[in-house]
Visitor: 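Provided herewith is a single structure, encoded as structure tokens, for subsequent inquiry.
A, B, ... follow the sequence lines: proteins, then strands. Residue 1 opens every chain. On a predicted model such as this, the values are computed, not experimentally measured, just so you know.
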Protein chains: 2
Amino acid sequence: MDNKNTIINVATKLFSQRGYEGVGVQEIVDTSGITKPTLYHFFGNKRGLLDTILKTNYSTFFDKFETASNYKGDIVLTLTQIFWAYFLFFKKNPEFFRLSLALTYSTLQSEGYLAITDYEQRIIKSFEQLFIIASTNHGNLKGHHKLFAISLSGLLNYYTLEIINEKIVVNDDFITKAVKHYMHGIYAL
Amino acid sequence: MDNKNTIINVATKLFSQRGYEGVGVQEIVDTSGITKPTLYHFFGNKRGLLDTILKTNYSTFFDKFETASNYKGDIVLTLTQIFWAYFLFFKKNPEFFRLSLALTYSTLQSEGYLAITDYEQRIIKSFEQLFIIASTNHGNLKGHHKLFAISLSGLLNYYTLEIINEKIVVNDDFITKAVKHYMHGIYAL
DNA sequence: AATTCATTATACCGAACGGTACAATAACAA
DNA sequence: TTGTTATTGTACCGTTCGGTATAATGAATT
């Protein structure tokens, strides 16, 4: 593997274990078997490295996620597709999930939060959009878009955490239950 | 106010804005109008300061939380009490909520995570315990304790975030809806 | 008044932080 | 083969990091 990708992989792993601020550039280059100027040549600065990690991973993620989000009148089907896409992607990239989770919930003025907030907003907005469109068919969704979008995002993250900890096995049965759990809560309002 | 409490208040605010690792001891003492040895006299080290902040706040929290968790055969009532206790405490302590949220979702080997994990586990265990006891009356809860406990914790944190952002007003109507949303998901399984 | 002990300031420590100037090398095109 | 550009190592920069030795206070006790 070339040095650029080695750095990305090493940094992703280290960041996911001890956080963006908890890992120094020196440790990244040592573990990668290179020296600082190489890292700074490819990424400009530490933040540039983080940005590259996020951009690369989220690019793949949104490809699958936005395909899954396609709504054709069946909200349960769409949610099922979304759950599948979400869980499978992060199951394949557990280190990236841990990193993105930590960044998402880090403090508002931290570098990590600033780096990830646009991506997270895009997910939330996508959920909102789905609920807005679906509310044509489901009257009870109306006026709760924002809340539903946020709670859905939170739920997915919690499930994903259990999945990558191997407490939950992702299969049709689980996905069906999870969607059911979420939907019936909404219908009940 | 005495220096000890000044330090605690200043540190809580700064940590909640830029994270435990993002704030230096020097900045804390400068903002507090004192010098380093004073801080180290009271707290031993930086971690000791964080521990004190967590211990103080969670002490008050668990007082109210565990009173609210008392189950007497009515799971909806108990959940309603828990939601009220949870939301009201963190609405009163929004900075501490932001800090604890960031620590809870920080990386597994970070200092902040190690500092808060016992408290978070206590909350999860408390939820689990509730669902185990309640499963005597609600058969459909059986075997899902852990999952329900975790998803409840996640849901509460998401709601709380909206509350301290003043997107949600905490009143009887909201609490009723939130509990309903959560419960009907469970009943539907 | 003398003693004691908690509290605090001055001044400093070595280590780690992110980042870079500069020169050497490697790769490739003209 | 020469010129050009991308890549990389050596050695270093100033700043900030968490933490402390020492001594000076302040207040309370004897």
Visitor: Evaluate B:Tyr105 against A:Asn157 for side-chain contact (heavy atoms from CB on, under 4.5 Å), listing each step before the verdict.
Guide: CA-CA 11 Å; B:Tyr105 293 100; A:Asn157 283 339; over 6 Å; no
Visitor: If I take atom CG in residue A:Asp2 and atom C1' in nucleotide D:dA6, what distance separates them, rounded to the nearest angstrom?
Guide: 13 Å
Visitor: If you restrict it to nitrogen or oxygen atoms, what contacts under 3.5 Å exist between nucleotides 27-29 of chain D and the protein, and what is each distance?
Guide:
none

Visitor: What string of B, S and - do you get for nucleotides 14-23 of chain C, 5' to 3', if B is base contact, S is sugar-phosphate-only contact and - is no contact with any protein heavy atom under 4.0 Å?
Guide: ---SBBBB--
Visitor: Between A:Thr56 (side chain only) and A:Thr52 (backbone N and O only), is there a donor and an acceptor less than 3.5 Å apart?
Guide: yes
Visitor: Backbone N or O of B:Val76 within a donor-acceptor pair of the B:Thr80 side chain at under 3.5 Å?
Guide: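 Flag set: sc B:Thr80 to bb B:Val76 pair under 3.5 Å.
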Visitor: Applying side-chain contact (heavy atoms from CB on, under 4.5 Å), run through B:Phe61 and B:Ile123 and close with a yes or a no.
Guide: CA-CA 10 Å; B:Phe61 172 79; B:Ile123 295 178; 3.7 Å; yes
Visitor: For side-chain contact (heavy atoms from CB on, under 4.5 Å), just list the numbers for A:Phe97 and A:Ile163, CA-CA rounded to whole Å, side-chain angles, deciding distance to a tenth of an Å, and then say yes or no.
Guide: CA-CA 11 Å; A:Phe97 176 73; A:Ile163 289 167; over 6 Å; no
Visitor: Is it true that the side chains of A:Glu120 and A:Tyr58 contain a donor and an acceptor less than 3.5 Å apart?
Guide: yes
Visitor: Where along residues 3-19 of chain B does a heavy atom come under 4.0 Å from DNA chain C, residue by residue in number order?
Guide: B:Asn3
Visitor: B:Phe96 vs B:Phe89 aromatic rings, parallel, tilted or perpendicular, using cut-offs 30° and 60°?
Guide: perpendicular
Visitor: Kindly compute the distance separating CG (B:Leu103) from OG (B:Ser110), expressed to the nearest 0.5 Å.
Guide: 7.5 Å
Visitor: Nearest whole Å is fine: how far is D:dT8 P from A:His41 NE2?
Guide: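 About 7 Å, once rounded to whole Å.
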Visitor: Do side-chain atoms of A:Tyr20 reach the backbone of A:Arg47 as a donor and acceptor pair under 3.5 angstrom?
Guide: yes
Visitor: For a quick test of reading the model: is some side-chain N or O of B:Thr35 closer than 4.0 Å to OP1 or OP2 of C:dT10?
Guide: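 No, outside the criterion.
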Visitor: Before giving the answer on side-chain contact (heavy atoms from CB on, under 4.5 Å), spell out for B:Thr6 and B:Ile34 the whole-Å C-alpha distance, their side-chain angles and the decisive distance to 0.1 Å.
Guide: CA-CA 10 Å; B:Thr6 302; B:Ile34 52 137; over 6 Å; no
Visitor: Quickly work out the B:Leu39 CG to D:dT20 P distance and round it to whole Å.
Guide: 12 Å
Visitor: Which nucleotide in the set C:dT7, D:dT8, C:dA9 lies at the smallest distance from any side-chain heavy atom of B:Ile34?
Guide: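 Taking heavy atoms from C-beta onward, the closest nucleotide is C:dA9.
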Visitor: Counting distance only, does the side-chain N/O of B:Ser126 pair as donor-acceptor with the main-chain N or O of B:Arg122 below 3.5 Å?
Guide: no
